[in-house]
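All remarks here apply to the structure that follows.
Just follow the structure's listing: the first ligand is 1, and inside any ligand the first atom is 1.
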Amino acid sequence: MKFDDYIIAEGIKKSLAKQGFKKPTDIQFKSIPSILKGEDVLAIAQTGTGKTAAFAIPIIHKIHIKKLIKQSNGVKCLVMAPTHELAQQIDKVFRDLSKHTKVSSYCIHGGVDRDSQQLKIEDGVDIIIATPGRLFDLAKRQILDLRNIEILVLDEADHMLDLGFIEDIKELMRFIPKDRQTLFFSATINDAIKRLAYDMVDNPIRIELSPKDPVSKNIEHAVAFIEMDDKRFFLANYIANHPAQKLLVFVRTKVRAERVKNALEREGVESITIHGDKLQAEREEAMRAFRQGDSLVLIATDISARGIDIPDVECVINYDLPESSEHYVHRVGRTGRGMNKGQAISFCSQEERPLLEELDKNLGKPIMRIELTKGEYALTIEAQKEALKTDWQSLLEEEEKRDKKKRKKKK
Ligand code: ADP
Ligand code: MG
């Protein structure tokens, strides 16, 4: 089935065509009819399979159709996401798809002052995309009226119902009508979280695509055994061999992110970081630079990259192994998105072997091994050290040449 054959607003079809989307992805094909019918949906599908448009298309259609006959102000749909960056990205999808319709969306994020947010909301927006904390704040202060909400979406649902967010979400529910449509979307979900989701709705339609192998089939992923102290050499060596590639590097903590950045710098490689200790403006700038390719190496922690869609990330490196298979799926899922193929490599040290065993068990099938002989291992480190030396040498030579020129000019 093509998008052309769907009974949805022509304006949406126009936008889909403009983006080159001809056919729905599997998750879009399965969820769009249910959402149009008004059913509650719990949808689990692999990373990068177009879940955002799977809810955005039917939501925009429903609101657009209603507005044809009934001018209604007030926010009708609320989409919640775990980070500002993801909220902004979802808002962009909504704006792109609703451009030729009567529907408007607005992303509420922390950086903007409350007054201008209030003005914008009073102006009348149909869909709000936000993180729970900020939203709760606005609802409590009665700046934001949520009594007309008809559709509630939790993107990255398992994360939204987890410890860090569940209290905010529960509080928020007090402001939202009970007889709404609720949609949960994620690539991963466990049984406990599923039960929490079921508690929030009556009888949701469950749509689960290939839950047995949660890693997207567009991703070739493997693990190499590299000791902690050698990881930086292997990372720098990988970058030296793929200088034009967009690379996303995952580490376990904020402190590690800065450390790896510094280690790379010593190896002569420029990189940027994104994590929870960074200011909102810094995080946005890092995302912008990486998206546009001004910076090719982004070092990130788990949370900061959930759901983020940068289509041309060719490789993900797990510099540290993630602590759970969910984190693994979301990390490697930053590559191989949409129709693209991607590659992911995990660096596993001796201390991390138990984590790897856990991952193998929970992922349904073991991660492929990259076997390095002792010779190859030593050679990579040697090569990297050597490359660094020559690099310094060429820099010094350049500097000398420049000096000579200057001296000549003075004469
Ligand atoms: P998910 O939320 O499932 O991880 P996204 O919604 O972020 O995935 O979409 C992943 C990528 O797939 C995006 O770059 C998006 O533009 C692209 N995409 C979505 N739907 C389609 C489609 N029907 N045809 C082609 N590409 C699509
Ligand atoms: Mg998503």
Flag the pair F3 / F21 as yes when their ring centroid distance falls below 6.0 Å, and as no otherwise.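 So the answer is no for these two rings.
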
With ring centroids as reference points, do H327 and F250 lie under 6.0 angstrom apart? no

The option among Q19, Q28, K51 carrying the non-hydrogen atom nearest to atom 2 (O) of ligand 1 is K51

Less than 4.0 Å is my threshold; does some heavy atom of [X] fall inside it relative to ligand 1?
X: K23; value: yes
X: G307; value: no
X: F3; value: yes

Aromatic plane relationship, Y377 with F234 - under 30° parallel, 30 to 60° tilted, over 60° perpendicular: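 The rings of F234 and Y377 sit tilted, inter-plane angle from 30° to 60°.
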
Give the atom numbers and elements of ligand 1 that come within less than 4.0 Å of a heavy atom of [X].
X: R337; answer: 1 (P), 4 (O), 5 (P), 7 (O), 8 (O), 10 (C)
X: T47; answer: 4 (O)
X: T49; answer: 1 (P), 3 (O), 8 (O)
X: T52; answer: 2 (O), 5 (P), 6 (O), 7 (O)

List the closest protein heavy-atom neighbour of [atom]: residue, atom name, distance to the nearest 0.1 Å.
atom: atom 12 (O) of ligand 1; value: G338 CA, 3.4 Å
atom: atom 13 (C) of ligand 1; value: D309 OD2, 3.1 Å
atom: atom 16 (O) of ligand 1; value: F21 CZ, 3.1 Å

Between Q89 and E85, do the side chains contain an N or O donor and an N or O acceptor separated by less than 3.5 Å?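 No - no donor-acceptor pair under 3.5 Å links their side chains.
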
Would you compute the distance between atom [atom1] of [X] and atom [atom2] of [Y] and round it to the nearest 0.5 angstrom?
X: E258; Y: T273; atom1: CD; atom2: OG1; value: 4.0 Å
X: L247; Y: T335; atom1: CG; atom2: OG1; value: 9.5 Å
X: I274; Y: I308; atom1: CD1; atom2: CD1; value: 7.0 Å
X: I60; Y: F94; atom1: CD1; atom2: CZ; value: 5.5 Å

Region of M339 engaging ligand 1 - heavy atom pairs below 4.0 Å: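 Just the side chain.
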
